[in-house]
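This is the structure I want to talk about, given as structure tokens.
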Amino acid sequence: MQSAPFPLVLGLDTFGDVTHDVDGRPLSHAQTIRNVVEQGVLADEVGVDFFGIGEHHTDDFPMSAADVVLGWGSSIDSFPLFGYDLGDYEQLFEEKTHLFAELLQGGRVTWQGKTRSSLTDQDFVPHTEHGPFPAWLGVGGSPQSVIRAARYGFSLD
């Protein structure tokens, strides 16, 4: 039997949405977070390849300090919290995707954009032992976000 050129990777991804009990009442943020942790432990026990937790800063998504951030999934609700203008969405996403792609290459990075300070020959740690690690880009806000992910060679989430 010939092996596939890419291994099959199975994973789970959550934003840690506030869920409801059997009577339809929303669970507390603390209980929602405990449930996500339990789900991650179970995923690890049964051999799931990855368990991703997105980061949000809103009432419906209490995962504001997730250990694993695939947080390229964008939520416009938190733009004002970080001082961003929603009209700059596409430029922000493009620049941050470009910078992330550069960082994944390893080594020193020189980068310039309009939405954050520039980097000049900046070293980032930890260094990887075997080249870039696999990364997925959360898409769904617009067709442009899917095209952007493809242009940079990211898998989609």
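Note that the structure is predicted; figures quoted are calculated from it, not measured.
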Would a distance-only check, ignoring hydrogens and angles, find a side-chain to backbone donor-acceptor pair under 3.5 Å from D23 to R25?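 No: the side chain of D23 does not pair with the backbone of R25.
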
Minimum-distance pair of heavy atoms, taken over all atoms of V36 and G16: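 Reported closest heavy-atom pair: CG2-CA, 3.8 Å.
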
Pairwise distance CZ(F100) to OH(Y152) - rounded to 0.5 angstrom: 12.5 Å

Give a yes or no answer on whether the side chain of D88 reaches the backbone of L92 with a donor-acceptor pair at less than 3.5 Å. no

Any chance you could measure K96, atom NZ, to R148, atom CZ, to the nearest 0.5 Å?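 The CZ atom of R148 is 12.5 Å from NZ of K96, to the nearest 0.5 Å.
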
Taking only residues two or more places apart in sequence, or in another chain, which ones meet D17 in a side chain to side chain donor-acceptor pair (under 3.5 Å)? none

Less than 3.5 Å apart, which donor and acceptor atoms pair up between the side chains of residues 102-119 and the rest of the protein, not counting sequence neighbours?
| residue | atom | partner | partner atom | Å |
| --- | --- | --- | --- | --- |
| R108 | NH1 | D121 | O | 2.8 |
| T110 | OG1 | D121 | N | 2.9 |
| W111 | NE1 | H98 | ND1 | 2.9 |
| T115 | OG1 | E95 | OE1 | 2.7 |

Considering residues at least two apart in sequence or located in another chain, which fulfil the side-chain contact (heavy atoms from CB on, under 4.5 Å) criterion with V46? L42, V48

A150: which residues meet the side-chain contact (heavy atoms from CB on, under 4.5 Å) condition with it, sequence neighbours left out?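 So A150 forms no side-chain contact (heavy atoms from CB on, under 4.5 Å) with any residue.
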
In Å and rounded to the nearest 0.5 Å, what is the OG1 to CG distance from T19 to L27?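 The distance works out to 4.0 Å.
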
Before you tell me yes or no, could you show the steps for F51 and V41 under side-chain contact (heavy atoms from CB on, under 4.5 Å), namely the whole-Å CA-CA distance, both residues' side-chain angles and the distance that decides it to 0.1 Å? CA-CA 9 Å; F51 184 78; V41 169; over 6 Å; no

Cluster link I53 to L12, ILVMFWY, side chain under 4.5 Å: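 Per the 4.5 Å side-chain linkage, I53 and L12 are co-clustered.
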
Report the residues that fulfil salt bridge (Lys or Arg N to Asp or Glu O under 4.0 Å) with D85, sequence neighbours left out, ordered by chain and then residue number.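 D85 satisfies salt bridge (Lys or Arg N to Asp or Glu O under 4.0 Å) with no other residue.
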
Applying side-chain hydrogen bond (donor to acceptor under 3.5 Å, both in side chains) as the test, list every pair that has at least one member in residues 36-49; sequence neighbours left out.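 Not a single pair qualifies under side-chain hydrogen bond (donor to acceptor under 3.5 Å, both in side chains).
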
